[in-house]
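Taking it in order: structure first as structure tokens, then the write-up.
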Amino acid sequence: MHDSTTATAVRVTVDECITMPDGSMVELRGWVANKSDIGSLAFILLRDGSSYIQLVGKKGVSNDDVMKVMKDVSIESAIVVRGILRSDARALNGKEVLVKTIEVIARAEEPWPINKSTVRSASFLYDNRHLSIRGMKSSSIMKIRSELIKAAFDFFYDRGFTFITAPSIVGTAVEGGATLFELEYFGKKVYLTQSAQFYEEAAICSFGKVFTMQPAFRAEKSKTPKHLTEFIMIEAEVAFNTQEDNMRLQEDLLAYICNRIVEKRKRELDILGRRLNTVERPFPRIKYDEVRETAIKHGIDFEWGEDVPTEAERLVSKMFTQPFFITDYPISARSFYHMCREDDPRITLSSDLIAPEGFGEIATGGQRIHDYNTLLERIRSNNLPLESFRWYLDLRRYGMPPHAGFGIGVERVLRWVCNLKHIRATSLFPRTITRVYP
RNA sequence: GCCGCCGUAGCUCAGCGUGGUAGAGCGGCUGGCUGUUAACCAGUCGGUCGUCGGUUCGAGUCCGACCGGCGGCGCCA
């Protein structure tokens, strides 16, 4: 199907196309996101990954072959079209392309399984995630995710951090043993990593400042809207940093990420109906004791020393419109490697970073024990297998300075940024306690 | 690991209390329409009621076990 007038067509993306002047002859490649034909009119909504644009065919204006193909083409078929760009108030975003030639490159079978009825079923959409990710909403979330990840890399590289990767296959747990995925490794039992932290602690004596961004695995049987069994964690560790430095680094990172998304991904946020504001620093800080007092005032009671229950965390989270820190956690609510305050050995130098509006915890950080004997004592009093932590302890024998770090969950941040009910929407192919397909 | 709820058409659900051979809306398909956007109009197809067993003349409906899913808690990023 060739037409001499289309010979000069310039191949562009929809994004580029939209900025061109009316009358431009363009070639677009993409998929039929939607179509409707009304008697002698044929409409196709074209998606090419950059954006959407309406294609139009008119009997008497477009030739008969073009009209036939436009009416027959199935939803989600891959096509190449050439046509004339023009403004029309009736089209999406006020622009459309009058089709001159159309070629079906890969015809999709009919019917396309996702329609306005099946879209009401979350489990259907996740069972068909390999198809449903083509949708406007899920692709917007993924574009924001991509921006978030780039912003994080830019942030750390600009500040002289070295990017490292840690093994996903590990011999021992970082924290408790119950939350590990076990697998067989040449006749030995090994585990999928929960955190890169210990490896980062080794690396700081080589690089000073390091960060990672890689999958972490948790076998927690957590059926909640904020848990995935596999997720991406950004972790940073810095030699000579105090907990104060550590919190400043976290708020700088999160503010940088949020402000970048607000600036660059307005369109995607609009599609999601999310009004996200830029983030101000410093973030508010409240102490564990204050959280507990507030919770008790609202009838949520818990013992001093227990971790903050979800209900209390949500209550406090809803009181803020900006991310904030909870600090000064009791040692009983924290892992063995946390350093304690000099003036109060019951309190750790650690924090949780909490997203507002009820979303809750997105990061945890703290200053680590750098003294050999203190760490040894802590491993023993927690009844942990000394042999497993030999190398971790060994680091403290060879010039380990005070240091601090944190881990921030990419999907947790994204869930808040996009205002999503469930964290599974933040992952292209989410892994939850009940889902490993597709 | 604990508590609660739900499995009936492709999807969302009604029917179950008082047992008597299955319903709606949406979607799909076919046709119509010169401005569609969650189109509209007409027609049409569509179900071993999660599985197995029990009670009964008869079970979608009552009982039991199992399987699957959802919501919440604990734990966490």
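Convention: sequence-line order gives letters A, B, ...; per-chain numbering from 1. Everything numeric in this text was worked out from a predicted model, so none of it was measured.
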Fill in the blank from the handout: Letter by letter from the 5' end, nucleotides 7-12 of chain B scores (B base, S sugar-phosphate only, - none; protein heavy atoms under 4.0 Å) ---BBS
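- Aromatic ring pairs are classed by plane angle as parallel below 30°, tilted from 30° to 60° and perpendicular above 60°; the pair A:F211 and A:F163 is tilted.
- With rounding to whole Å, A:K116 atom NZ is found 11 Å from B:rC40 atom C1'.
- Considering A:D48, A:V32, A:I105 in turn, A:V32 is the only one that fulfils the side chain to side chain contact (heavy atoms under 4.5 Å, CB included) rule with A:I79.
- Partners of A:R145 under the side chain to side chain donor-acceptor pair (under 3.5 Å) rule, at least two apart in sequence or in another chain, are A:E411.
- Rounded to an integer number of Å, the gap from A:R435 CZ to B:rG68 C1' is 12 Å.
- The partner of B:rC75 is absent, by the rule that a Watson-Crick or G-U pair needs both atom distances under 3.5 Å.
- To the nearest angstrom, P of B:rC76 lies 11 Å from NE2 of A:H338.
- A:Q54 comes within contact range of at least one nucleobase, with a heavy-atom separation under 4.0 Å.
- At whole-Å resolution of the value, CZ in A:F231 and C1' in B:rC76 are 8 Å apart.
- Going from atom CG of A:D127 over to atom C1' of B:rC70 covers 13 Å, rounded to whole Å.
- Paired with A:R368 under the rule side chain to side chain donor-acceptor pair (under 3.5 Å), one option of A:H403, A:E237, A:E200, A:Q243 passes, and it is A:E237.
- Of all nucleotides present, only B:rA24 satisfies the Watson-Crick or G-U wobble test against B:rU12, with each distance under 3.5 Å.
- As rounded to the nearest Å, B:rC70 and B:rC29 have P atoms that lie 29 Å from one another.
- Of the P atoms belonging to B:rC33 and B:rA38, the separation is 24 Å, rounded to the nearest Å.
- Atom CD1 in A:I75 sits about 12 Å away from atom P in B:rG27, given to the nearest Å.
- Taking A:T224 as the reference, A:H227 meet the side chain to side chain donor-acceptor pair (under 3.5 Å) condition, with sequence neighbours excluded.
- Put simply, CD on A:E313 is 11 Å from C1' on B:rA77, counting in whole angstrom units.
- When each of A:R86 and A:G409 is assigned the nucleotide of RNA chain B with its nearest heavy atom, A:R86 is the one assigned upstream, toward the 5' end.
- Stacking is not found between A:F43 and the pyrimidine-like six-membered ring of the B:rG35 base under the 5.5 Å centre-distance and 30° plane-angle cut-offs.
- Among pairs with a residue in residues 308-325 of chain A, those fulfilling side-chain hydrogen bond (donor to acceptor under 3.5 Å, both in side chains) read A:K226-A:E313, at least two apart in sequence or across chains.
- Across the protein-nucleic acid pair, A:L228 atom CG and B:rA77 atom P stand 14 Å apart, rounded to whole Å.
- Applying the side chain to side chain donor-acceptor pair (under 3.5 Å) criterion to A:D245, with sequence neighbours excluded, gives A:T242.
- Note on A:I232: nothing from the nucleic acid sits closer than 4.0 angstrom, heavy atoms only.
- In terms of the ring pair (Phe, Tyr, Trp, His ring centres under 6.0 Å) criterion, A:Y126 has no residue partners (sequence neighbours excluded).
- Interatomic distance, CD1 of A:I408 versus CD1 of A:I257, reported as 6.0 Å (0.5 Å rounding).
- Looking at residues two or more places apart in sequence or on another chain, you find no side chain to side chain donor-acceptor pair (under 3.5 Å) involving A:T426.
- A gap of 31 Å separates the P atoms of B:rU36 and B:rA24, to the nearest Å.
- Comparing B:rU61 with B:rU18, their P atoms sit 15 Å apart, to the nearest whole Å.
- Taking the six-membered ring where the residue is Trp, A:F198 and A:W391 present perpendicular rings, their angle passing 60° and hence far from 30°.
- Pairing for B:rC33 is absent, judged as Watson-Crick or G-U wobble with the two contacts each under 3.5 Å.
- Straight-line distance between the P atoms of B:rG46 and B:rG54: roughly 32 Å, to the nearest whole Å.
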Pairs under 3.5 Å (N/O, protein and nucleotides 71-75 of chain B):
{"unit_1": "B:rC73", "atom_1": "OP1", "unit_2": "A:R314", "atom_2": "NH2", "d": "2.8"}
{"unit_1": "B:rG74", "atom_1": "OP1", "unit_2": "A:T310", "atom_2": "N", "d": "3.1"}
{"unit_1": "B:rG74", "atom_1": "OP2", "unit_2": "A:T310", "atom_2": "OG1", "d": "2.3"}
{"unit_1": "B:rG74", "atom_1": "O6", "unit_2": "A:S222", "atom_2": "OG", "d": "3.0"}
{"unit_1": "B:rG74", "atom_1": "N1", "unit_2": "A:K221", "atom_2": "O", "d": "3.4"}
{"unit_1": "B:rC75", "atom_1": "O2", "unit_2": "A:S222", "atom_2": "OG", "d": "2.9"}
{"unit_1": "B:rC75", "atom_1": "N3", "unit_2": "A:H227", "atom_2": "NE2", "d": "3.2"}

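- Counting non-hydrogen atoms under 4.0 angstrom, A:A91 reaches a base of the nucleic acid.
- Between the C1' atoms of B:rC52 and B:rC45, the separation comes to 32 Å (whole Å).
- B:rG47 and B:rA42 are spaced 25 Å apart, taking the P atom of each and rounding to whole Å.
- Applying the side-chain hydrogen bond (donor to acceptor under 3.5 Å, both in side chains) rule to pairs touching residues 24-42 of chain A yields A:E27-A:R29, A:E27-A:R82, sequence neighbours excluded.
- By the ring pair (Phe, Tyr, Trp, His ring centres under 6.0 Å) test, A:F161 is found to be paired with A:F156, residues two or more places apart in sequence or in another chain being considered.
- Across all strands shown, the partner of B:rC5 is B:rG69, judged by Watson-Crick or G-U wobble contacts whose two distances both fall under 3.5 Å.
- The base-pairing partner of B:rC52, taking Watson-Crick or G-U wobble contacts with both distances under 3.5 Å, is B:rG64.
- Among the atoms of the strands shown, none is found under 4.0 Å from any heavy atom of A:E230.
- Separating the C1' atom of B:rG17 from that of B:rG31 is a span of 46 Å, rounded to the nearest Å.
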Mind listing the side-chain donor-acceptor pairs of residues 295-304 of chain A below 3.5 Å, one per line with the distance, residues two or more places apart or on another chain?
{"unit_1": "A:H298", "atom_1": "ND1", "unit_2": "A:T294", "atom_2": "O", "d": "2.9"}
{"unit_1": "A:W304", "atom_1": "NE1", "unit_2": "A:D289", "atom_2": "OD1", "d": "2.8"}

Atom pairs under 3.5 Å: protein N/O with N/O of nucleotides 29-34 of chain B:
{"unit_1": "B:rC33", "atom_1": "N4", "unit_2": "A:D37", "atom_2": "O", "d": "2.9"}
{"unit_1": "B:rU34", "atom_1": "OP2", "unit_2": "A:S40", "atom_2": "N", "d": "3.1"}
{"unit_1": "B:rU34", "atom_1": "OP2", "unit_2": "A:S40", "atom_2": "OG", "d": "3.3"}
{"unit_1": "B:rU34", "atom_1": "O4", "unit_2": "A:K59", "atom_2": "O", "d": "3.4"}

